[in-house]
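Here the structure is laid out as structure tokens; the discussion comes afterwards.
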Number of protein chains: 2
Amino acid sequence: MQILNERSRKVLYAVVQSYINYPDPVGSRVVTKKYSFGLSPATIRNIMADLEEMGFLLQPHTSAGRVPTDLGYRYYVDSLVAEGMISYSDIEILQELYRKLETLKNDMDLLLNEATRNLSMMSHYLGIAMSPMPDMTTLKRINLLKYKADAIAAVLLTDEGMIKNKVISVDSEISQKDLNRIAGLLNAEFSGYTFDEIRLKIVREMSKEKIKCDTLISRAMKICQEALSFPFSGLFVSGLAEVLELPDFADLGKIRELSKAIEDKHTIIKLLDKLSESDGVHVLIGSENSEDELKKLSLVVSPCREGDRPIGVVGIIGPTRMNYAKAMYIVEHTAKLITKMFSGR
Amino acid sequence: MQILNERSRKVLYAVVQSYINYPDPVGSRVVTKKYSFGLSPATIRNIMADLEEMGFLLQPHTSAGRVPTDLGYRYYVDSLVAEGMISYSDIEILQELYRKLETLKNDMDLLLNEATRNLSMMSHYLGIAMSPMPDMTTLKRINLLKYKADAIAAVLLTDEGMIKNKVISVDSEISQKDLNRIAGLLNAEFSGYTFDEIRLKIVREMSKEKIKCDTLISRAMKICQEALSFPFSGLFVSGLAEVLELPDFADLGKIRELSKAIEDKHTIIKLLDKLSESDGVHVLIGSENSEDELKKLSLVVSPCREGDRPIGVVGIIGPTRMNYAKAMYIVEHTAKLITKMFSGR
DNA sequence: TATTAGCACTTGACCATTGAGAGTGCTAAC
DNA sequence: GTTAGCACTCTCAATGGTCAAGTGCTAATA
């Protein structure tokens, strides 16, 4: 963090806070008026000119006030964290909102989906959540059920509290008894491994099996491989209508960018996946995001973990002009509540 | 359908088609130029004035051309149907796009979800799809799996090709053997009934059981009741980014309306549910929709059925200025392909 | 030396005016 | 019944002028 003297820092805060509250460039007058420094506008102007030179502020045009740059927000957010300034009194509301989630505690997907709704309602930004990716999802048990003559249903239960199912077509009918035997085999072999690990093991087994050619085992492998091939799109987003009310998304271009960002979920998934193994609340501001789609947005994100196993990621997407303190507070507590709910089941 | 003479009808078509291609009010000059009538603009003007009087056209302002009213679109669409004018040559593209869906044919939810993506890609409007509602979903089989000491997983297989699962918390541990017995009981009792019917039967059983107090049966009923209580949100929507490129959604207000319409899925679900028992392609134009959120949008929708059992609804949502012929074509064939895929499994 | 008052300057927002262009309805002629 | 001609209406884009906000700079001040 770059070193700023007390006075400069206070001015920077004032600008950021004022701009967060009201989306107009901040002039030297309002700084002196709303945030009582013992200084005249002229002095503030000098300080602001310095801050601009250092890259914390910028002027949209000569005769406008100043606006924080991404770097400015970053400084502000870092200070919030360093000084423990995040504190809100509406923890009760938050808990109230999550009380109803209790009934969903055993189904991670439903839980996360509902969480996004709460996140967006409370923050007025986009709520997002993601269940763990295949490399972080460990199989608890696989069950195979006869569905129709030429199809079986595979039901995968995971340690992270998810149920995934997949219908698999088969050429010849298999009895439920055989299915149970196959499932037993698979459980003995794969239970406790992540989906990705299992895929790898299957590939290895398969090449071995080609030689031995045991029909039951190779059949089991094929079925399991298919069972794991469902599209893994565990990303939940909600609150678009909410976000469109913000003045930050008053123009069409920004809305388009946003809707693209949330429609090809790929970018966000990649990003959240990276963070799922970390700890605590992360704040990614505008250009700090490497993906183009997100360069004009900010993310506040926190993983939910049980011990060292990630069980999901929750967060908020909003404009860079975001109420970071509030967003961080909401995300942090949402993550904590989900974690608690999940481990205290 | 109101009676128009040949000439008036042709003018109406010209206006609608021109406006669909290019979103500017259509003047008398363009009608004579692009659509070669043997008439002068003056004559066309007279005809257009008549059409306006009849409610098929309107002028945004005195010196602008004419724009179709919802009634105008309606007349146009009805004529398309009556005259079998819907024909496109890109059926191969459509089939190509759906070939990859073959692998999903056994999982209705995945299939419909993927279908919405195709629908929106092809039409450049919003693709929508809905799986059958609980009153139209018949239970094929229920399976109960032990998940954890205090939780079991219920897996419901339906005749419509859906798998639904629900984790159910229980106070005392139940062995898999008991679960199998319970599942057997439930299957014997409820297989072949719709979810709604089952709910009703349970309520009746429960009141009976209170007297007899057979623990196994009452336990089974409770479990089944919980199993059926998952949130039934079988609505899939995609293509928002696509739709925002249209000039029809150039202003913020319309975007807000649209995003509200698709975010509280309730309205659309209700509408589609009504149509799921009908047949063929339906076109709902703007104000024909009773729900406010949809009054400025048009829907082109078709149910997918196997015999007399609805297996889903697919469709397109777009502006009233929609290419109805193309939309109807796409929706019709998508519905047919899904139906075929499903029955020819 | 740090701060401040004063002032000239820049710029976007707002508003009224204007002219061009598109399209109309009406009337009279064909 | 159709059309040419014309006056009329309305939108849109461009223009220019004023206003208020906010700046940077300079000189005065504590």
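Only a predicted model underlies this, so the values are computations on that prediction, with no experimental measurement involved. Letters A, B, ... mirror the listed sequences (proteins, then strands); counts begin at 1.
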Taking D:dT2, C:dT11, D:dT3 as options, the one with an atom nearest any side-chain atom of B:Ala42 is D:dT3
Do B:Tyr13 and B:Ser79 get their side chains close enough for a donor-acceptor pair, meaning under 3.5 Å?
yes
From CD of A:Gln59 across to P of C:dC9 the rounded distance in Å is 18 Å
B:Asp24 atom CG is separated from C:dA22 atom P, nearest whole Å, by 12 Å
Rounded to whole Å, CZ of B:Arg29 lies from P of D:dA4 at a distance of 12 Å
Of the listed D:dG24, C:dT3, C:dT11, the closest approach to the A:Thr62 side chain comes from C:dT11
Output for pair (A:Ile20 CD1, A:Tyr324 OH), nearest 0.5 Å, gives 7.0 Å
B:Met48 CE to C:dG25 P, in whole Å, measures 8 Å
query: With a 4.5 Å limit on heavy-atom distance, are the side chains of B:Glu52 and B:Gln59 in contact?
result: yes
Which of D:dG24, C:dT4, D:dC10 is nearest the side chain of A:Leu39? It is C:dT4
When rounded to whole Å, the CZ to C1' distance for the pair A:Arg7 and C:dT3 reads 9 Å
Atom CD1 of A:Ile44 and atom P of C:dA5 are separated, to the nearest Å, by 12 Å
Self-check item: Presence of A:Ser28 side-chain N/O under 4.0 Å of D:dT23 phosphate oxygens OP1/OP2
Solution: yes
Closest of D:dT23, C:dT10, D:dT3 to the B:Asn46 side chain is D:dT3
By nearest-heavy-atom nucleotide on DNA chain D, the more 5' of A:Val30 and B:Thr43 is B:Thr43
Separation of C:dC26 atom C1' from B:Arg45 atom CZ, nearest Å, is 10 Å
Exercise. Is any side-chain N or O of B:Ser40 closer than 4.0 Å to OP1 or OP2 of D:dT3?
Worked result: yes
A:Ile255 vs B:Leu252 side-chain heavy atoms within contact, under 4.5 Å: yes
To the nearest angstrom, the CD1-P distance between B:Ile47 and D:dG1 comes to 12 Å
Hey, what's the ring geometry for B:Tyr75 with B:Phe56, parallel, tilted or perpendicular (30° and 60° as the breaks)?
perpendicular
